[in-house]
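Report on the following structure.
Chain letters run A, B, ... following the sequence lines, proteins first, then strands; residues in each count from 1. All values below come from the heavy atoms of this structure, side chains included, with hydrogens, waters and symmetry mates left out.
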Amino acid sequence: MQTAIGEIQTLFVDVLLPVPIPKYFRYRVPSDMVEMVQKGVRVMVEFGRRRILTGIIVESSEFPPSSYQAKYLLDILEETPSVNDKQLKFWKWMADYYLCHEGDVLQAALPSGLKLNSQSRIQVNPDFDEEDLADLSDKAVRLFRAVRHQQSIPYEQSADILEVKSPYPYIKEMIQAEAIIIYEEVKEKYKPKKVSKVRLNPTLLENASGLEEVFTSLAKKPKQEDILLKYLGLVPVYNDPNVNDAGVDKKKLLEEGKEMSPSSLKTLVKNGILEEFSEVVSRFDDAHFQLYQNMGHDFELSEAQQNAYSQILESFKTKDATVLHGVTGSGKTEIYIKLIQDVIEGGGQALFLLPEIALSTQMVVRLMKVFGDQLGVYHSRYSDNERVEVWRGVNEGRFSVIVGVRSSIFLPFEDLSLIIVDEEHETSYKQHEPAPRYHARDMALVLGRMHQAKVILGSATPSVESYYLAQKGQFGLVSLTERFGNATLPEIIIADLKKERKQKKLKGDFSSRLVDEVRSAIDKEEQVILFQNRRGYSPFVMCEECSWTPTCPSCAVSLTYHIYKNDLRCHYCGYREATPKTCVSCGSTKIKTVGTGTQKIEEEIQNFVPAARVQRMDQDTTRKKYGYQQIIEDFEQGHIDILVGTQMVSKGLDFDNVTLVGICNMDQMMFFPDFRAMERAFQMAVQVSGRAGRKSKEGKVVIQTYNADHPLLKKIIKQYYEGFFRVELKERHQYSYPPFTRLIKVTVKSEDQLLGEKAALQLAKGLTRRLGIKRVLGPQAPTINKIRNKYLQEVMLKFERQNFDLLKAKGILKEEIFIIETEPFFKKVQIVIDVDPL
DNA sequence: AGCACGCCGACT
DNA sequence: GTCGGCGTGCTC
């Protein structure tokens, strides 16, 4: 970017702000900041009357805007850009592709620690003559006194003081009377981590006798002497006076080994013998982390792994992306590590994407051992400060490898050579709310292209989309069919619920087969995982007399019964109410639970195997910050015998002692009303089975179903991905679903049901007229047609994958939506676009 | 998206 | 009369 040349006095910059408005904002650069103007640098600006935001400079110009008066930048926040050109280009591309605003992307991309947080505060105007208070309203006087008393107060507090909902009118009155001043307090949210350190006062080292004199003076002060001696032990200044500068950790000096007296240390500092100072340290540089440094660098690839590795390198020669299809337990991780090591040796950067859940497990520890402090971990469970440090670390080139969740695609990579998307089929790579509704796997491919990096899509059960492209030759394809070591694939048993029901062998939600297997595993002191893809106790309750069922007041769903708080909850909006004792409709007291969730499975299995220690793992038990971690740890250490859980239990848990996995209700997955149901069911079953029998012990998987002869089950038994894929692809082709088409889902939301329907209908009509009838489906109300008091209508667009101008179609979509949005009659409807919905 | 402004109903 | 509701429009 050009900076001021010669006599250019005024410079303007276009700033990208994290707001959903499709434009840049042009600000004027104060003359003393002109030198600091650079593309990608964060700036602080006033936006509107009161808001202060962080933005990114995307362009500079010597021309003032013609139609408005540009405001001055308030500040330029850094000398080196936080955001690089590749990111800006990538973000722009994403906004275009997902039909959202660049500001939405920025909002998602920047960790909030890099966004400023401004808070309005009120203080009294020192020039105000208090005699003029007589002219103000009673409330204004009250506020004035309160503010004067406390120096300054946060803006929001004024409402409490005045005991009104909207304080603005009074504040406005007072500003006009010049009684108060409003100012914005901006705090940089990122706080570097500091440690307190101690060192000798350097003047004592200037001459040889300095220290001796000190010891003489401390002859009768043993506690202080002890501290000094310990210091000299830790920091050998006699050998090399220069080591004194770095000093020693205060905590270490006081607490490690023999404990020292903090007050004596204080005295030493007071007397100028020691000095205290603080140092900024990395959050990732603590002892815990160092433990892993440079450990376990070497491992050998098995022959199969070596083979796959070579094939990947071969495929990289001609393809940008390669699907690595490796059965569960085949040891894909070692191959990834090898590939990353290659990249590091070549001086490049690597990004390793994992689904959120897999990231909180052993994988990270594993990678830490290999890559030590070259590895940055970008996790949503980490604090914001930590995320800022990773961002900066990538920016400064301190990390050559990043493991992270989907949002790590936004990090300031300069030169990526490799991107790995592990568990590529995972649906959690897609962000649903809010915009940008992006798919991290797809964006990894785009990012890879921009960096000319190679991309690996790894999975035991690749998504139909990816595998299709691999088969077509657009991606490379490498398969690993052997399980690592001697591990064999688990034996898969179909428990036929229909048959057992006839034979009256069913026990609640359990087949006798599954119960027997669980008992036998527990007898052998082995561990069990039970999978039930629904949380709560039962998805609804019902009056036995009249069939009345409590539903959510804001959503079109029944309320789920939760046993331990004995309440009913809506899983869509969080609404809760006590479980009614009598039927609201007929007054009967016979209210029964219907259907099964994790809590009920937990209860039932506990009854069947009373001695077993059962733990449930779902959103309800893992919400607490370390809930998930804690359960995993307990399970790993054998404090839990049976783990009952949702999706969560299917991912990345590798425990040698788990020999049995039960899928409680396979039908629920297979017959879910969605064209991806079979794919999900297959993936789910294979992934869950992968948890059984890892090393020497043989594993078993029991799948309970009322449709024991369903063809999908046969494929699952043989872990026959190819077979599943062929059948599925045929179906997709027949009904023109992805990967043969691209979908865009447009959802129209409105509190007024009829208005929403009208808007959706008009939108669909406009689209049909311009895109053709076969590309527009709906409008149609989704199965759950009301969430949070908003009625929903969906219009689905279906586009050919080939010989179709997608860009043009998206343009048309934007235009048609614009028409609805600007139509005053539809003012109250809201339109959400989801490109490539899942 | 936020946030101010402005015009209407329901209360001390 | 005042308070607060919400509809409307703008943000460099």
Side-chain angles (χ1 to χ4, degrees), chain A residues 10-30 33 37 42-76 95 99-110 112 115-122 136-143 154-156 158-176 182 184 186 433-437 749-752 755 788-790 818 821-833:
Chain A
T10 45
L11 187 65
F12 296 86
V13 286
D14 288 332
V15 177
L16 170 60
L17 293 172
V19 292
I21 304 166
K23 58 173 151 187
Y24 301 132
F25 293 86
R26 185 163 286 191
Y27 284 85
R28 185 169 170 173
V29 183
M33 292 180 202
V37 167
R42 288 185 305 137
V43 293
M44 182 166 113
V45 299
E46 188 184 45
F47 188 66
R49 225 172 200 295
R50 310 196 46 224
R51 275 207 289 175
I52 289 181
L53 295 174
T54 302
I56 304 290
I57 294 182
V58 291
E59 202 57 71
S60 70
S61 161
E62 37 187 286
F63 301 109
S66 52
S67 54
Y68 56 86
Q69 186 66 42
K71 283 182 183 172
Y72 278 103
L73 290 181
L74 296 178
D75 203 0
I76 294 186
L99 301 169
C100 67
H101 310 287
E102 266 182 274
D104 293 328
V105 182
L106 178 66
Q107 179 71 33
L110 275 194
S112 56
K115 288 175 229 159
L116 293 163
N117 184 9
S118 90
Q119 200 202 21
S120 306
R121 294 187 71 92
I122 303 166
L136 295 175
S137 67
D138 291 354
K139 290 223 162 165
V141 173
R142 188 156 134 207
L143 184 61
Y155 188 93
E156 292 70 30
S158 61
D160 300 341
I161 291 169
L162 293 173
E163 296 172 300
V164 292
K165 264 272 170 65
S166 42
Y168 316 103
Y170 304 103
I171 285 172
K172 203 177 148 197
E173 174 195 353
M174 294 168 78
I175 292 171
Q176 267 161 9
I182 300 237
E184 297 294 312
V186 179
E433 272 301 325
R437 296 179 176 76
K749 303 185 185 184
S750 171
E751 247 160 83
D752 179 341
L755 189 73
R788 290 176 197 273
N789 280 321
K790 296 229 162 106
F818 183 80
E821 278 178 338
T822 50
E823 166 69 59
F825 182 65
F826 293 132
K827 196 82 216 194
K828 289 171 80 176
V829 310
Q830 195 187 338
I831 299 176
V832 174
I833 312 173

- Message: Holding to side chain to side chain contact (heavy atoms under 4.5 Å, CB included), I want the full list of residues that pass it with Y72(A), two or more places apart in sequence or in another chain.
- Response: R28(A), P30(A)
- Task: Would you please name every residue forming a side chain to side chain donor-acceptor pair (under 3.5 Å) with Y155(A), sequence neighbours left out?
- Result: none
- Residues which pass side chain to side chain contact (heavy atoms under 4.5 Å, CB included) with E433(A), listed by chain and number, not counting sequence neighbours: R437(A), K749(A)
- Task: Using the test salt bridge (Lys or Arg N to Asp or Glu O under 4.0 Å), find all partners of D75(A) that sit at least two apart in sequence or belong to another chain.
- Result: none
- Message: Test of understanding: with side chain to side chain contact (heavy atoms under 4.5 Å, CB included), list the residues that count as partners of P20(A), not counting sequence neighbours.
- Response: H101(A), D104(A)
- Test salt bridge (Lys or Arg N to Asp or Glu O under 4.0 Å) applied to R51(A) - qualifying residues, sequence neighbours left out: none
- Item | Partner set under salt bridge (Lys or Arg N to Asp or Glu O under 4.0 Å) for E46(A), not counting sequence neighbours | K71(A)
- Task: Quick one: list whatever passes side chain to side chain donor-acceptor pair (under 3.5 Å) with Q107(A), sequence neighbours left out.
- Result: none
- Query: Listed in order of residue number, which residues of residues 14-23 of chain A have a non-hydrogen atom at under 4.0 Å from DNA chain C?
  - Reply: I21(A), K23(A)
- Is the backbone N or O of P22(A) less than 3.5 Å from a side-chain atom of E102(A), with the two atoms forming a donor-acceptor pair by type? no
- Reading DNA chain C 5' to 3', which nucleotide is the first, and which the last, to come under 4.0 Å of any heavy atom in chain A? dC3(C) to dC12(C)
- Message: Once side chain to side chain contact (heavy atoms under 4.5 Å, CB included) is applied, do any residues pair with K827(A), and if so which ones, sequence neighbours excluded?
- Response: none
- Task: Could you pick out which residue, K827(A) or K139(A), lies toward the 5' side of DNA chain C when each is mapped onto its nearest nucleotide?
- Result: K139(A)
- Task: Treat primed atoms plus P, OP1 and OP2 as sugar-phosphate and everything else as base, then score nucleotides 5-12 of chain B 5' to 3': B for base contact with protein heavy atoms under 4.0 Å, S for sugar-phosphate contact only, - for none.
- Result: S-------
- Task: Measure from CD1 on I52(A) to P on dC3(B) and round the result to the nearest Å.
- Result: 12 Å
